[in-house]
Amino acid sequence: MIQQIDYFVIAPALALALAAGLVLLLDAFLPARPRTRTGLGLVTLAGVLLSLGFVVAQAVSGGSPRSTFCVPPNLAEGEQLCSYVTDGFTLVFAGLMLVAAVVIVLLSMTELAGGAIPVGEWYFLLLCTLVGAVTLPASRDLIMLVVALELVSLPVFALTAMKRYDGRASEAAVKLFVVSVVSTAVMLFGVSLLYGISGTVFLSRLAAVFSGQAPAPGVLPPSQELPAVVTVGVVLVVAGFAFKIAAVPFHSWAADVYQGAPVPVAALLSVISKAAGFAGLILILVTGLAGQAATWAPIVAIVAALTMTAGNLLAMRQRSAVRLLAWSSVAQSGYILAPLALAATTARPDPAPAGGAISASIAYLVIYAAMNLGAFTVVMLVSRWSARNELDDYRGLVFRRPAAGIALAFCLICLAGLPPGLAGLFAKVFVFREIVGGGYGWLAVVMAVNTVIGLYYYAIWTARLFAPATTPVPRRATGTWLAMAMGLAVAAAVLFSIAPQLVLDLTTLSPSG
């Protein structure tokens with residue numbers, strides 16, 4: 001029986017893959033000129049916008065979830081087992097990552113304008129990363145989940161090291177490579193244990209086996225209880241994803257890699273890579289391992305508390321803007337993780353919606369992504385005249401570059417959760433409410449204390465923006481592409497701040513089987 005492929009379902013990823021091939025071909029045959037660099041950037045941007053258009057078309061079409069790469073009915077024993085599913089959960093994550101990709105492509109066009117970095121290779125690797133990022137939230141089996149996650153991770157090594165003859169970039173690439181290889185090995189070991197016990201790679205079938213609703217065919221007798229090795233597999237899979245999202249105790253690579261990588265790559269790691277990691281983690285926990293929630297929920301809660309605490313304490317000591325954003329990103333991962341521990345009380349193995357807990361995590365992630373992108377666009381601007389890019393370089397930015405200074409101040413206030421940044425305040429209150437309602441009072445206390453700690457370093461940076469400048473700054477044009485990136489990122493941040501309920505309405509979704 002020939003498997004039928006629904007090309008409309010895979011259109012977003014397919015558009016990005018075709019754009020990646022086109023960029024590589026054009027780079028091989030076109031002369032190395034400034035106009036060629038701009039042209040390749042525009043082709044990349046067109047590919048991202050085309051993919052985003054397909055995501056919007058899928059969202060507008062409505063209806064039930066669509067799937068492809070499915071097991072033929074005569075082999076699936078009456079179940080629908082599919083590897084690729086497009087539903088509301090998939091569309092929200094794909095839309096988030098593609099909108100962020102538009103900003104990152106514009107930042108890349110500014111970064112590559114000097115000609116020191118190979119343009120074709122950069123855009124090809126960036127598009128490959130986006131293919132994995134769009135595919136990952138649609139993955140519904142362990143194999144595709146791991147392959148998509150590695151497709152997100154592997155090109156970033158090369159992107160980080162693209163600044164040739166830069167020692168910090170090379171060091172950052174090596175650290176990222178080593179950490180990613182270790183995390184992949186840990187996660188694959190856990191995945192192999194889960195497959196060995198359940199006899200299946202499909203997440204919906206995993207949920208049925210580990211919840212006791214179905215036997216593990218050919219592996220365990222129907223009456224036999226699941227062995228303790230299942231717990232080991234669950235812990236290893238959670239640990240593998242903890243590497244990807246820079247959660248404690250697998251967080252130490254973040255600051256060095258963010259600082260050594262080009263600013264667009266740091267933004268990619270902070271938003272797109274992190275969003276992909278959380279999409280995979282939500283899928284594997286809520287859709288595949290809902291029956292083992294008693295095992296992973298306490299682990300997620302403890303890791304969330306440690307992550308937000310370590311990230312905030314380390315961010316307080318930073319003088320570099322990029323390193324501060326790196327540790328702030330670690331702390332924000334803790335806030336996003338916290339509601340996932342509550343999915344233990346709401347997730348069901350059919351699979352079914354995990355209630356407000358999952359919605360809270362996704363809503364916080366969307367708001368965080370918008371604010372962080374806005375901050376990185378201003379960091380990119382300051383890096384044009386300050387190689388060190390320290391907090392003192394931002395003194396008086398509001399008076400020297402009013403638009404950039406006010407935009408950064410607004411994003412920092414939103415990340416801190418202070419008014420008038422309603423989006424950040426809304427996100428923290430919503431997460432806090434879910435944690436308290438779920439019975440994790442101690443975790444709510446930890447989050448409240450960490451929110452106060454986070455106020456300190458966000459306030460210190462914001463105060464520098466309004467302080468008198470100590471050194472003159474050369475007058476340089478912002479650049480068309482950088483100005484567009486900043487405008488897009490700040491517009492998203494302002495939109496979410498004006499209508500934070502819009503984010504919650506969009507993210508009241510859960511993955512389908």
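Side chains included, hydrogens not; waters and symmetry mates left out as well; all remaining heavy atoms used.
No donor-acceptor pair closer than 3.5 Å links the side chain of Ser273 to the backbone N or O of Leu268. Side-chain N or O atoms of Thr462 include one that pairs as donor or acceptor with a backbone N or O of Tyr458 at under 3.5 Å. Looking only at distances, no side-chain donor or acceptor of Asp27 sits under 3.5 Å from a matching main-chain atom of Leu40. In terms of modelled atom types and a separation under 3.5 Å, the side chain of Ser51 and the main chain of Pro12 share a donor-acceptor contact. Remark: the backbone N or O of Asp6 is paired with a side-chain donor or acceptor of Thr68 at under 3.5 angstrom.
With contacts defined as side-chain heavy-atom distances shorter than 4.5 Å, the pair Gln58/Leu91 qualifies. Contact check for Phe241 versus Leu149: side-chain heavy atoms found under the 4.5 Å cut-off. Within the 4.5 Å cutoff, the side chain of Arg140 has heavy atoms near those of the Leu283 side chain. By the 4.5 Å heavy-atom criterion applied to side chains, Val179 and Lys244 are not counted as neighbours. Using a 4.5 Å cut-off on side-chain heavy atoms (C-beta onward), Leu188 and Glu150 make no contact. Contact of the Leu96 side chain with the Ile362 side chain is not registered, since no non-hydrogen atoms from C-beta on lie closer than 4.5 Å. When side chains are defined from C-beta on, Thr377 does not count as touching Leu106, because their heavy atoms never get closer than 4.5 Å. Two residues are said to be in side-chain contact when any heavy atoms from C-beta on lie closer than 4.5 Å; Leu206 and Leu142 meet this criterion.
For Ile143, the CD1 atom sits in a loose shell: 12 or fewer heavy atoms of surrounding residues, nucleotides or ligands are nearer than 6.0 Å. The 12-atom threshold is not exceeded at CZ of Phe177, counting heavy atoms of other residues, nucleotides or ligands nearer than 6.0 Å.
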So Asp87 and Arg66, salt bridge (Lys or Arg N to Asp or Glu O under 4.0 Å) or not? Walk me through it.
CA-CA 7 Å; Asp87 54 10; Arg66 302 181 61 165; over 6 Å; no
The test is side chain to side chain contact (heavy atoms under 4.5 Å, CB included); show your working for Glu390 and Asp393 and say whether it passes.
CA-CA 5 Å; Glu390 296 187 345; Asp393 297 323; 3.9 Å; yes
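For the residue pair Asp141 and Tyr84, no side-chain donor N or O sits within less than 3.5 Å of a side-chain acceptor on the partner. Residues Ser328 and Tyr368 bring no donor and acceptor atom of their side chains to less than 3.5 Å of each other.
Classification of the Tyr258-Phe376 ring pair by plane angle, with boundaries at 30° and 60°, yields tilted.
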